[in-house]
Amino acid sequence: MNQSYPQYVDIALQENAISLWKAKQLVAFPTETVYGLGADASSDEAVARIFSVKSRPRFNPLIVHVASSEIARRYGEWNEKAEKLAKAFWPGPLTLVLKKCGVLSDLVTAGGDTVALRIPAHPIALSLLSAFNGGIAAPSANRFGRISPTCAAHVKEELGDAISLIIDGGACAVGLESSVVDLSGAHPLLWRAGGISRAQIEAVIDEPLMLSAVTKGATLLSPGLLESHYAPTKPVRLGALHCEDNEGLLAFGTPIHTNSAYVIQLSDKADTTEAATRLFASLRALDHAPVAAIAVMDIPMTGLGEAINDRLARAAAIKN
Ligand code: TXA
Ligand code: MG
C-alpha cells in the first residue's frame with residue numbers, strides 16, 4: 001500500500017473507543033478498505049444499534065473484525081484453506097466465511113451457522129482491536145444502500161450525530177470493501193469481489209472460486225448481493241461512449257471528449273488498483289456536483305476491475 005496513515009491512535013481516544021465498545025456503543029474507525037461502524041460482536045444490544053443507525057435489514061450479516069488469527073479461531077472453525085489465505089492476505093482486504101463457533105451475537109451472523117472474519121490492515125484499527133481483545137462487528141459506516149465512506153468526513157456526512165465517536169485515520173488506501181470468500185462448504189465461494197482480486201485468491205488456494213450469484217430457494221445467502229447498493233442519488237450510466245454537457249464523467253484512461261465541467265479521472269494510466277482507491281470518493285463528489293447524471297467509462301474486469309464493476313453495477317441499479 002503506497003498511502004501513509006497516521007501510525008498511532010491517540011491513547012486517550014483509544015481508551016474512549018474501548019470504553020464505548022464495552023458500554024455497547026458504536027465507534028466508527030478507519031480500515032484500509034472503507035471506514036467501519038464498529039460494535040462489540042458478542043452483544044445483541046450493541047449489534048442491534050448498528051442495524052438501527054444504518055437502517056440496515058436484519059437479515060444482512062456483519063463481518064467480525066479481529067486483531068489476530070488466534071482471535072479469529074475463537075469464532076470460526078479453522079481449516080487448511082483458511083490457514084493459507086490468512087497467511088497470504090491478513091492483515092488485509094480479505095474476509096473469510098467459516099463455520100461459526102464461540103460466543104457471538106446471533107444478529108452478527110443473521111442467525112446462520114457461519115461467520116465472516118477479517119483482520120484489517122490499518123495501524124489504528126489493529127491497535128483498537130488488540131486493545132479490545134475480542135471481535136468487533138463492523139459494516140461500512142454509511143446508511144444502508146449508500147456509497148461507502150473512504151475518509152472520516154464521509155462518515156460524518158453519512159451518520160453525523162447518530163454515533164458518539166468517529167476516529168480519523170486518513171483516507172483509505174484500498175478504497176473498496178474486502179473480498180468475501182466462503183470456506184465453510186465443499187468448494188470455496190466468492191460472495192463479494194473486493195480488495196484482493198479473484199486471481200490472487202485462486203493462486204493461493206490453487207482452486208477456482210465458485211460464482212457467488214447463488215440463492216438457496218428464496219433465501220439470499222449473502223445479502224451483499226442485494227442489487228441496489230453503493231448508490232448515489234443521481235442516475236448512473238455505465239459503459240459511456242459519450243458524455244452530455246449536463247452529465248458528470250467518471251473517466252478511466254484516456255477520457256472521452258465532453259464539454260462537461262465535471263470530469264473526475266479514476267486512473268489516467270488505466271490502473272484498476274488506483275481506480276479502486278478513488279471510486280467511492282469520486283462517485284460521492286459527482287453526486288454532490290450540479291450534474292443531471294453520472295456517466296462512467298468502461299472499466300476492464302482485470303485485477304480489481306471485477307470489484308469495481310460490481311460496485312458500479314449496483315450504483316447503477318434501479319432503486320426499489
Ligand atoms: O472491507 C470491508 O469488508 C468493510 C470494512 C469496514 O471492514 N466492511 C464491510 O462490511 O463491507 P459490510 O457489512 O458492509 O459487508 C459485509 C459483507 C456483506 O456482503 C455480507 O453479506 C457478507 O459480508 N457476509 C457477512 N457475513 C456473512 C456470512 N456469514 N456468509 C456470507 N456472507 C457474509
Ligand atoms: Mg457496506
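Counting starts at 1 for both ligands and their atoms, in listed order. Values below: all heavy atoms of this structure, side chains included; hydrogens, waters and symmetry mates excluded. The chain is numbered in sequence order, starting from 1.
- Taking 4.5 Å as the limit, some side-chain heavy atom of Leu62 sits within range of a side-chain heavy atom of Ile50.
- Proximity of Ser140 to ligand 1 is established by a heavy-atom distance of less than 4.0 Å.
- In this structure Phe280 satisfies the ring pair (Phe, Tyr, Trp, His ring centres under 6.0 Å) test together with Tyr230, sequence neighbours excluded.
- For Tyr5 and His122, the ring centers are positioned less than 6.0 Å apart.
- Close contacts between ligand 1 and Asn60 involve ligand atoms 20 (C), 21 (O) [criterion: under 4.0 Å to a heavy atom].
- Of all atoms in ligand 1, listed by their number and element, those nearer than 4.0 Å to a heavy atom of Ala116 are 25 (C), 26 (N), 27 (C).
- Counting the atoms of ligand 1 from 1 in the order shown, those under 4.0 Å from a heavy atom of His65 are 5 (C), 6 (C), 7 (O).
- Between Arg73 and Glu83 there is a salt bridge, since at least one side-chain N of the basic residue sits less than 4.0 Å from a carboxylate O of the acidic one.
- Which parts of ligand 1 touch Trp191 is read off a 4.0 Å heavy-atom cut-off, strictly below it: atoms 31 (C), 32 (N).
- Within a 6.0 Å sphere centred on CG of Asp245, other residues, nucleotides and ligands contribute more than 12 heavy atoms.
- Counting heavy atoms under 4.0 Å from ligand 1, residue Glu177 touches it through both backbone and side chain.
- Checked against a 3.5 angstrom limit, the closest N/O atoms of Thr114 and ligand 1 fall inside it.
- The proximity of Val97 to ligand 1, defined as any non-hydrogen pair under 4.0 Å, is limited to the side chain.
- For residues 10-30, the pairs satisfying side chain to side chain donor-acceptor pair (under 3.5 Å) are Gln14-Ser127, with sequence neighbours left out.
- Within the 3.5 Å criterion, the main-chain N or O of Pro188 finds no donor-acceptor partner in the side chain of Lys81.
- By the 4.0 Å N-to-carboxylate-O rule, Glu177 lies too far from Arg192 to be salt-bridged with it.
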(message) Determine whether Phe29 and Ile136 satisfy the following criterion, side chain to side chain contact (heavy atoms under 4.5 Å, CB included), listing intermediate values before the conclusion.
(response) CA-CA 11 Å; Phe29 65 101; Ile136 290 293; 4.1 Å; yes
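- Below 4.0 Å from some heavy atom of Ala138 lie the following atoms of ligand 1, by number and element: 6 (C), 8 (N), 10 (O).
- Polar contact check, Arg118 against ligand 1: a nitrogen or oxygen pair lies under 3.5 Å apart.
- If you look at the Mg ion (ligand 2), the protein N, O or S atoms less than 2.8 Å from it are Ser140 OG.
- Using 4.0 Å as the threshold, Pro93 has no heavy atom nearer than that to any atom of ligand 1.
- Among residue pairs with one or both ends in residues 290-308, those qualifying as side chain to side chain donor-acceptor pair (under 3.5 Å) are Arg198-Glu306; sequence neighbours excluded.
- Between Glu202 and Lys84, no side-chain nitrogen of the basic residue sits less than 4.0 Å from a carboxylate oxygen of the acidic one, so the salt-bridge criterion is not met.
- An N or O contact shorter than 3.5 Å links Thr33 to ligand 1 by distance.
- Close N/O approach between Tyr35 and ligand 1 is not found [any backbone or side-chain N/O within under 3.5 Å].
- Atom CD of residue Glu207 and atom NE2 of residue His187 lie 7.0 Å apart, to the nearest 0.5 angstrom.
- Using a 4.5 Å cut-off on side-chain heavy atoms (C-beta onward), Ser260 and Cys243 make contact.
- Between Thr109 and ligand 1 there is no heavy-atom distance shorter than 4.0 Å.
- With a 4.0 Å heavy-atom cut-off, ligand 1 is reached by the side chain of Arg56 but not by its N, CA, C or O.
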